[in-house]
Structures are given as structure tokens and as C-alpha cells.
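Here is the structure we will look at, set down as C-alpha cells.
When reading the values below, keep in mind they use all heavy atoms of this one structure, side chains included, and skip hydrogens, waters and symmetry mates. All chains are named by letter (A, B, ...) in the order of the sequence lines, taking the proteins before the strands, and each is independently numbered beginning at 1.
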Amino acid sequence: MSVVQTIRSAAVTAIKSLYSQEVSLSDIAINVTKPEFEGEYTIVVFPFTKFSRQKPEETGNNLGNYLLTHFPELISGFNVVKGFLNLSISNAYWTGFLQTQFNNPHSGRKPANGKKVMVEYSSPNTNKPLHLGHLRNNFLGYSIAEILKANGYEVIKANLVNDRGIHICKSMLAWQLFAHGDTPASTGIKGDHLVGDYYVKFETQLKEQAEPIIARVLENDLRDFEGTEREKVEKLAALLHKPEIQQDKEKSGKITDEIKELARNKTEIMQQAKIMLQQWEAGNPEVRTLWATMNGWVYEGFETTYKRLGIDFDKMYYESQTYLLGKDLVEDGLRKGVLFRKEDNSVWIDLTADGLDQKLLLRGDGTSVYMTQDLGTARLKYDDYHMDQSIYVVADEQNYHFKVLQLILQKLEEPAAAGIYHLSYGMVELPHGRMKSREGTVVDADDMIDEMVNTAAQHTKESGKLRDFSEDELQRLYEMIGLGAMKFFLLRVDPKKKMIFNPEESIDFHGFTGPFIQYAHARIKSILRESGVTDTSHLDTYRHNDSLLPMEKALIVLNEQFGEVLQDAEKEMSPSIIANYAFHLAQQFNSFYAEKVNGVYTYSIVNAESEEKRNLRLQLITLTANTIAQCMKLLGIDVPERM
RNA sequence: GGACCGGUAGCUCAGCUGGAUAGAGCAGCUGCCUUCUAAGCAGCAGGCCAUUGGUUCGAAUCCAAUCCGGUUCACCA
């Protein structure tokens, strides 16, 4: 049990005994003591004055005295300032923690709790390579999975690949039209990039073909449209010519976009893509073969990137195999009367009672929509694993979708409903706004990683410390540092906040960064090497009550908080909590390490003032290195022995 | 328009289940490498915590209203 929890339960006992009052653990507010006061943890006593019927100071003193006499192995002293009871935790407690935990590689982790969680993340489209936004998703998903494992959950990492649909057909069609049989092997281009290039080619071609149609509409020439579409375009064009709309930039922009969209659908190339999609759905062997081939190229490319990123999955789902699911659920829903059918044969659910709209689940022609697929996939996943919780790592633009998804599952009384959790994260944006593949403003993931690794190489060369490393070792280190910087950068911010990335300013390697923390770790390892100690099992030579110097104590205290931090990270579903803590810990170690008085290290380790201090500090830095390594592991970041 | 998310130092962000004088990093300015790794350390400077009102011993934190920014409300996925 953590110190904070121990103090809490001691306080509950004390209050019961002193004031015959039952309070729950969560009623005890405990803070880290401000540095200007004596003690490590502070109990806020104001809330207790209600039943103590004493002044805050008096209440604090009574409580402090009780804790001191009844929990001497925990509390060694206290002071009261206004309504704050500052507790000094006994050295024996801290040294006890240090001695039992310093060499425990799983320190702070929770034992298995018997619960199963699925984390679905990554979920790429197979028509283009990964970009910066995907990286945030991948790192978040991976990290959350690790955090859940460390909290005792059994975790299944799942990836639902979006491998079919009109976007894939676009790449396929453009390849057929323009590639002259080019393959990754023939061009030397990574598979996902090659396919992505043809997706871009499709879009440029589409734009070219759409332009004359748009121009005609703007000149009131509607020859490209017929029937209801023609009416729609006519209306939009008329609206656009109204002076009040012309003045409203936002409105006119929206209308123009709608016209553009309609025009794009009228292009020959778009029509061809749609035909291709129909052929795909009908199982046309030629189209299916091309599809399988091109997806194969993309998977090869993804495989390389995933491997480099250190990301993996336990279970793959493919939309081509799941997109027809969900119809059974619709049947069940109709039988239960939860869903209803309209005259055109389409199937809907009415969510107006929940403050939402009606939602379509099956088109009039019996085909399913996105929501239907997701309902079916939710059932499939549940049937596969019977997990307690199912986490979807998906950008916040889909908040509404997941709200509706869960609601529908509840109404259908699906067992999967209870565990649905949308881990919603903000988009990564550029200074000018969102990344748009159509406009070519995406930051490519592979490029980004290369750049980070190059920067790492440059920094390392400048430091000139590792001349004895082989080329291989150096390359591995550059990857470790570059990726560490990258992952930390994307994980240190609260997931739900959108983040702005400026490609002009490179990601920092100083301060609140991955390399800073990796550096602290390498430093500790360097000291341990320097100390010559290989067997750490005989370091308990100091007594439990030996005094601890301020920074020694501060460092132990901080290490001890890891368990609580780990729980918080799980509760909040936020790796940023781990990132912040790891940085804080590395910083604390650096201060400890560097403190000098008159040119002499206060906390010299190798040349400590006594054998006892040397051993204590060796344990302390071993513990610190271990905690840092554990934190970074949770973020998917490796830490080096040297750098 | 409805729903959801955000607004804290020049910039990027912590802190938000109410607690002491609001913290980091970057950028700027000072110092510190014959001593365990300077990707570091110590320090200076930088704030009407969007605004207004409320709740209370106490509000950046909770509530209400307002303002600003974003997302979303498809027979696209």
C-alpha cells in the first residue's frame, strides 16, 4: 500500500477514535507538503472542524498527536500551520521502502485483477501512408494498453484495418490508369507510399475533371445534372447568387463546397471508382486480385513502420470481413421493437427521447452503413473475447458516433454495451489548421521519424561521447532517442487536447522531452558502472533509522509515488500523467546528482562520505533508474545504458 | 441553432474529486564543465488563471451566464 493510502487509513482510525466520527478514505484530503514547511505529506484539517468542534489548529494538533503515538513506525513528527497538518514520515519507513523495492523491476505494478480489456487502436486506411495524426493514435493506444497491463488488466490490442471502400478504389483506379505496372519492387518505393501516391494522383485528376463542371454551374449551365440532383444544384446556385449570401463568406463557402462535392461525383473518374467499388462488392475476380495485391503492398509498408515504431497487435480485424456484420443485430432490434422500418424499407432507430436524432441503420436497398458495421463489430469482438471493457482509441471528431454507438447497443441489450469506452483524443494540427491529404499538407510519419532520428544522430555526434560505439550500436541508439523524442512529444499532452505541431520548429531534445529523461537514465547507469558494483544484493548495510539528507529523502518520496501515479494514469486514461511524473523524477535526480557545495558534490555516490551512504545512494539511484525505465516502457519508449 | 471539448507566462503545456505565496519546459538574461555523462545544474525576469456573478472559512478548480476558438449534428467511412 502506498504511503498516502496508509496515512489515509491511519487518519480514518484516528478520527473515529478522537471524535467518534465515521469518515471514508476519500474524505481525507492529502497533499504533498509545500517545500517551505517541514514534513512530506499534509492533511487538510478544515473539514474535520465541523465535528471536532475545535479550532483548526487544535484539531490538527490532536490528530497529529494521535498519529504520532499510535503509528510510530509511520509518523515521526508533525507540525500544524493554520488548518494544515504537516506530517513527517519516519526514515525507517522510507529506507524500508527503498530496501524492499530498489531492485524490483515491477515495483509499483498491480497484481492481476482478473479483468479483460480490449484496446482498439491504429485502425489505418489502406489507401495512403501513416501521418502525424496516426502516430498520436498509435502511441496513445499502445501506451494505454501498457498502462492497463501494469494495473493488472489482461489486455488485447486490436487493430481494425479499413481495407475496403471507395477510397481504396480510388488508389486502385489511378494505379490502373497511370502506373504502367509499377510496383514497390520495380520502383523501390515503400508500398504504402506508392499506393498513397496514386491516391493523390486520383485526387488531382478528379479536381481537373471537376473544374469545368463547377465552372458551368457557376454560369448557370446545368447540363451535367439531371433529375433531383439538377434541382438541388439549381437551388444551390440560386442561393449563391443572392447578395446577402455573397457577403457572408462562411455561408457562401459552404454552398460552394456542396456544389463542388456534387460536381466531383459527376466526374468520369469518380463514376469509374464507384463502378469499381460495385465490382469489388460483387466479387469481381480481377478487381479483387488487384485489391489484394495493392493492399499487400500497403501491409508490407505498414509492417515496416509498425516495427520501427515498436507497436504491435494481438488481434487483427479487417473491415472487408466485418462490413456486412450488424444485419443480425438489426433483425434482433426489429423483433424487439427497438428499431423500425420506413416505407422505403430503410431501418432506423429513434433516439429523440435521448436528445439525439433518428439514426439510419440499413438503407432502403438493405445495405449497411458505418454505424451498422460498428454495431456488428462490437458484437463480434465481444463474442471473441468476452472482455469487461472495450476501448476505442479514435479522434474526437467521432465523439457523437461513439455516443450513439453505445446508446444503440444499450437499447439492443447487447452485453458489449456496458464496456464501450471511447478514448477520444484531439487532432494534431498544423499552425494553419488541419492536415489535409487532398491539399498535400500532411506530415508524413516516416519522414517525421527519419528527421527525428537524424537530429538524434547530430546531437550525439556533437557530444562526442560515444566514439567507441560501433556503427550498428550508434544506429540503434539514434533510433531509440529519435523515437523517444517523438513519442514523448505526442504523449506528454493530455490526450483530449488538440495539439498544434509546427514543422518549421523541430521537436526539442532539451527540457521536458524524452531525451532529457533518457539522459538521466544513462547517467545513472554510468554511475553504477563507475561504482564497480555488479552484485546489488549486499547494499543493506545502513540502519533503518539512519538520517536521510533532504534530497535523498525527496528522491525516495518521489519514487514511492509511482504506484499512485500509475493508478491515476489508468483512471484518467492518460499517458501524459506518466510522462509528467517521469520528467519530474528525472529532474529531481538531476538536482540530487548535481548539487555541489564549494565544488564538492553533496550527494557523491561513488565517493560517498561513508560506506553506508554509498550503499544507500547506490540503492536509491538503482531504484530511480528502474522507475524511469518503467515509466518510459509504459510510454513505449526505450532507455539507453549510455548516450 | 443543439450537443461536446478547449481558453492558465511571449510560445507549448501541468495543476481542475475546492486548500497554504498558481508550477514546468521553450524562448530571453546571469552564473556553473582539471571531480560520478553540461542532452545537465543554480538563478533572474515573465500571470486581472477569458469575462461577470454565485456557492464558502477558502475558488484557477464547483455552479450560472456571457465572450472567443474547435469538433459534430449524412442513406461518407
Measuring from the side chain of [X] (C-beta onward, heavy atoms only), which nucleotide among [options] has the closest atom?
| X | options | answer |
| --- | --- | --- |
| A:Phe516 | B:rC36, B:rC41, B:rU17 | B:rC41 |
| A:Trp348 | B:rA39, B:rC75, B:rA20 | B:rC75 |
| A:Lys498 | B:rA20, B:rG69, B:rC36 | B:rG69 |
| A:Ser526 | B:rC75, B:rC5, B:rC36 | B:rC36 |
| A:Lys497 | B:rC76, B:rA38, B:rG6 | B:rG6 |
| A:Val493 | B:rA77, B:rU12, B:rC13 | B:rC13 |
| A:Tyr601 | B:rU37, B:rC36, B:rC73 | B:rC36 |
| A:Tyr519 | B:rC36, B:rC41, B:rG40 | B:rG40 |
| A:Phe46 | B:rC36, B:rG19, B:rA20 | B:rG19 |
| A:Val81 | B:rC57, B:rA20, B:rA77 | B:rA20 |

Using atom [atom1] in both nucleotides, what's the gap between [N] and [M] to the nearest angstrom?
| N | M | atom1 | value |
| --- | --- | --- | --- |
| B:rG18 | B:rG25 | P | 28 Å |
| B:rC16 | B:rG6 | C1' | 13 Å |
| B:rA20 | B:rA59 | P | 11 Å |
| B:rC29 | B:rA14 | P | 28 Å |
| B:rU61 | B:rU52 | P | 12 Å |

Relative to each other, are the rings of A:Tyr593 and A:Tyr601 parallel, tilted or perpendicular (30° and 60° limits)? tilted
Does A:His422 have more than 12 heavy atoms from other residues, nucleotides or ligands lying within 6.0 Å of its NE2? yes
Checklist line | A:Glu473, CD: over 12 other non-hydrogen atoms inside 6.0 angstrom | finding: yes
Does [X] have a side-chain nitrogen or oxygen under 4.0 Å from the phosphate oxygens OP1 or OP2 of [N]?
| X | N | answer |
| --- | --- | --- |
| A:His401 | B:rU72 | no |
| A:Tyr370 | B:rA77 | no |
| A:Ser576 | B:rC13 | no |
| A:Gln587 | B:rG25 | yes |
| A:Lys465 | B:rA39 | yes |

How close or far is atom [atom2] of [N] from atom [atom1] of [X], stated in whole angstroms?
| X | N | atom1 | atom2 | answer |
| --- | --- | --- | --- | --- |
| A:Glu36 | B:rU21 | CD | P | 9 Å |
| A:Leu361 | B:rA74 | CG | P | 13 Å |
| A:Lys403 | B:rG2 | NZ | P | 14 Å |
| A:Ile168 | B:rA77 | CD1 | C1' | 10 Å |
| A:Gln588 | B:rG25 | CD | P | 13 Å |
| A:Phe488 | B:rC13 | CZ | C1' | 11 Å |
| A:Glu572 | B:rG15 | CD | C1' | 12 Å |
| A:Gln518 | B:rA39 | CD | P | 14 Å |

Exactly one of A:Tyr425, A:Phe402, A:Tyr121 clears ring-ring contact (aromatic ring centres under 6.0 Å, His included) with A:Tyr392, and that residue is A:Phe402
Could you check whether [X] gets within reach of a base, just the sugar-phosphate, or nothing at all, counting any heavy atom under 4.0 Å?
| X | result |
| --- | --- |
| A:Tyr593 | base |
| A:Tyr603 | base |
| A:Asp344 | base |
| A:Met427 | nothing |
| A:His459 | base |
| A:Asp354 | nothing |
| A:Phe509 | base |
| A:Glu319 | sugar-phosphate |
| A:Arg617 | nothing |
| A:Ser463 | nothing |
| A:Pro35 | nothing |
| A:Thr367 | nothing |
| A:Ile166 | nothing |
| A:Gly355 | nothing |

Which heavy atom in [X] sits nearest to a heavy atom in [Y], and how many Å separate them?
| X | Y | result |
| --- | --- | --- |
| A:Val81 | A:Asn79 | CG2-OD1, 3.7 Å |
| A:Ala520 | A:Ile628 | CB-CD1, 4.3 Å |
| A:Pro640 | A:Leu477 | CB-CD1, 3.6 Å |
| A:Asp163 | A:Glu319 | OD1-N, 3.3 Å |

Ignoring hydrogens and angles, are the base of [N] and the side chain of [X] linked by a donor-acceptor pair under 3.5 Å?
| X | N | value |
| --- | --- | --- |
| A:Thr460 | B:rA39 | yes |
| A:Lys596 | B:rU35 | yes |
| A:Asn590 | B:rA38 | no |

Assigned chi class of B:rC68 under the 90° convention is anti
Tell which nucleotide pairs with [N], taking only Watson-Crick or G-U wobble pairs whose two distances are both under 3.5 angstrom.
| N | answer |
| --- | --- |
| B:rA38 | none |
| B:rC62 | B:rG54 |
| B:rC75 | none |

With ring centroids as reference points, do A:Phe488 and A:Phe512 lie under 6.0 angstrom apart?
yes
